[in-house]
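Every number for a ligand or one of its atoms is a count from 1 in the order of the listing. Just so it is clear, the structure is predicted and the values come from calculations on it, not from any experiment.
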Amino acid sequence: QSSTPVTYTDAGTGIIFNTWPVAAGSQTAGGFTFGVALPSNALTVDANEFIGILQCSSKDATSTGWCGVSLGGPMTNSLLVTAWPAGSDVYTSFRYATGYSMPDLYTGNATLTQISSTVNSAGFSVIFRCQNCLSWNQGGQAGAASTSAGYMVLGWVQAFPSPGNPTCPNQITLNQHDNGMGIFGAQFDSAAANPSYTAWAAKATKTVT
Ligand code: HEM
């Protein structure tokens, strides 16, 4: 997986992202993409929020599965964002893991608000504002990502089976991810931060719970 960002402009919203796609192939069936848009000064002053895009794949046209990112890189001791489809909505849950087993609910104050989402036979996608997401604290165990460093270390996973209890994000059950995972340095280029960030962030009005 390349560290070099690919610029992606979302047709529906005009939001411009730096993305780091994983092509469909041996690493993951169907392909996986995560990307971010950052506040205008985020390449010089550390931001604590971003607009994210997750484009995840389902198995065999079934609109199932889940995917996620680690905002610190490893699964453990990082803020985890988990997403999955149920009906026509994409649900999300912040999680935190201290070991390689079902992550706990994140108890910090991160907030996710959706801008748009899609669910179709190929998979599901969600564009979301993630506030208080680039520094985290789970019961005193703290970590952070620094946007002014010019890159983030990110982890990704994808899974074929859907979560249990899919319409209750606080009560989902997961099996270990089975459709690929990775950890990589996600470099930013000049398109990562944008003067339109504030206007884009204002489009985040939908909470799916
Ligand atoms: C890696 C288990 C949920 C993100 C791993 C590994 C195991 C594991 C055993 C290491 C595999 C290897 O190195 O071959 C589990 C189990 C889960 C779960 C049992 C739930 C029941 C999640 C979730 C996320 C996540 C919800 C993120 C949203 C990652 C990432 C890696 C990873 C990014 C690769 C980086 C690393 O090795 O730390 N997981 N996981 N996992 N997991 Fe999970």
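Protein heavy atom at the shortest distance from atom 30 (C) of ligand 1 is V157 CG1, 3.5 Å. The nearest protein atom to atom 20 (C) of ligand 1, hydrogens excluded, is given as M102 CA, 3.7 Å; this is a heavy-atom distance. For atom 9 (C) of ligand 1, the closest non-hydrogen atom of the protein is Q176 NE2, 3.3 Å. Considering only non-hydrogen protein atoms, atom 31 (C) of ligand 1 sits nearest to M75 CB, 3.9 Å. Summary of contacts: the protein heavy atom closest to atom 39 (N) of ligand 1 is H177 NE2, 2.7 Å.
Using 4.0 Å as the threshold, R95 has no heavy atom nearer than that to any atom of ligand 1. Residue contacts with ligand 1: V81 is included, with a non-hydrogen atom under 4.0 Å away.
The aromatic rings of F32 and W156 lie parallel to each other, their planes meeting at an angle below 30°, with 60° marking the opposite boundary. A tilted orientation is assigned to the rings of F184 and W20, their planes being inclined by 30° to 60°.
Y91 and Q114 share no side-chain donor-acceptor pair at under 3.5 Å. Side-chain atoms of Y96 and Q141 include a donor-acceptor pair closer than 3.5 Å.
Every atom of ligand 1 with a heavy atom of M181 under 4.0 Å away is listed here by number and element: 1 (C), 11 (C), 12 (C), 13 (O), 14 (O), 32 (C), 34 (C). Near G155, meaning under 4.0 Å from any of its heavy atoms, are these atoms of ligand 1: 33 (C). Annotation for ligand 1: atoms under 4.0 Å from non-hydrogen atoms of L174 are 21 (C), 26 (C). Atoms of ligand 1 found under 4.0 Å from any heavy atom of P74, numbered from 1 in the order shown, are 38 (O). Taking a cut-off of under 4.0 Å to the non-hydrogen atoms of T82, the atoms of ligand 1 that pass are 26 (C), 28 (C). Interface of W66 with ligand 1, defined as ligand atoms under 4.0 Å from a residue heavy atom, comprises 3 (C), 22 (C), 23 (C), 26 (C).
Counting heavy atoms from C-beta outward, F160 and T62 have side chains that stay 4.5 Å or more apart. You'll find the side chain of T82 reaches within 4.5 Å of the side chain of W66, heavy atoms only. Using a 4.5 Å heavy-atom cutoff, the side chains of T13 and I115 are in contact.
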Trace of the salt bridge (charged side-chain N to carboxylate O under 4.0 Å, His left out) decision for K59 with D178: CA-CA 11 Å; K59 192 176 191 180; D178 60 354; over 6 Å; no

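With a 4.0 Å heavy-atom cut-off, ligand 1 is reached by the side chain of P103 but not by its N, CA, C or O. Residue contacts with ligand 1 for W156 involve N, CA, C or O but no side-chain atom from C-beta outward (heavy atoms, distance under 4.0 Å).
Under 4.0 Å is where a charged nitrogen must lie from a carboxylate oxygen, and between K206 and D89 at least one such pair does.
Closest of all the heavy-atom pairs between G139 and T107 is N-OG1, 4.2 Å.
Residue Y100 has at least one N or O atom closer than 3.5 Å to an N or O atom of ligand 1. Below 3.5 Å of separation, one finds no N or O of S70 facing any N or O of ligand 1.
Note on V157 and F124: separate hydrophobic clusters, where clusters join Ile, Leu, Val, Met, Phe, Trp and Tyr whose side-chain heavy atoms are under 4.5 Å apart, directly or indirectly.
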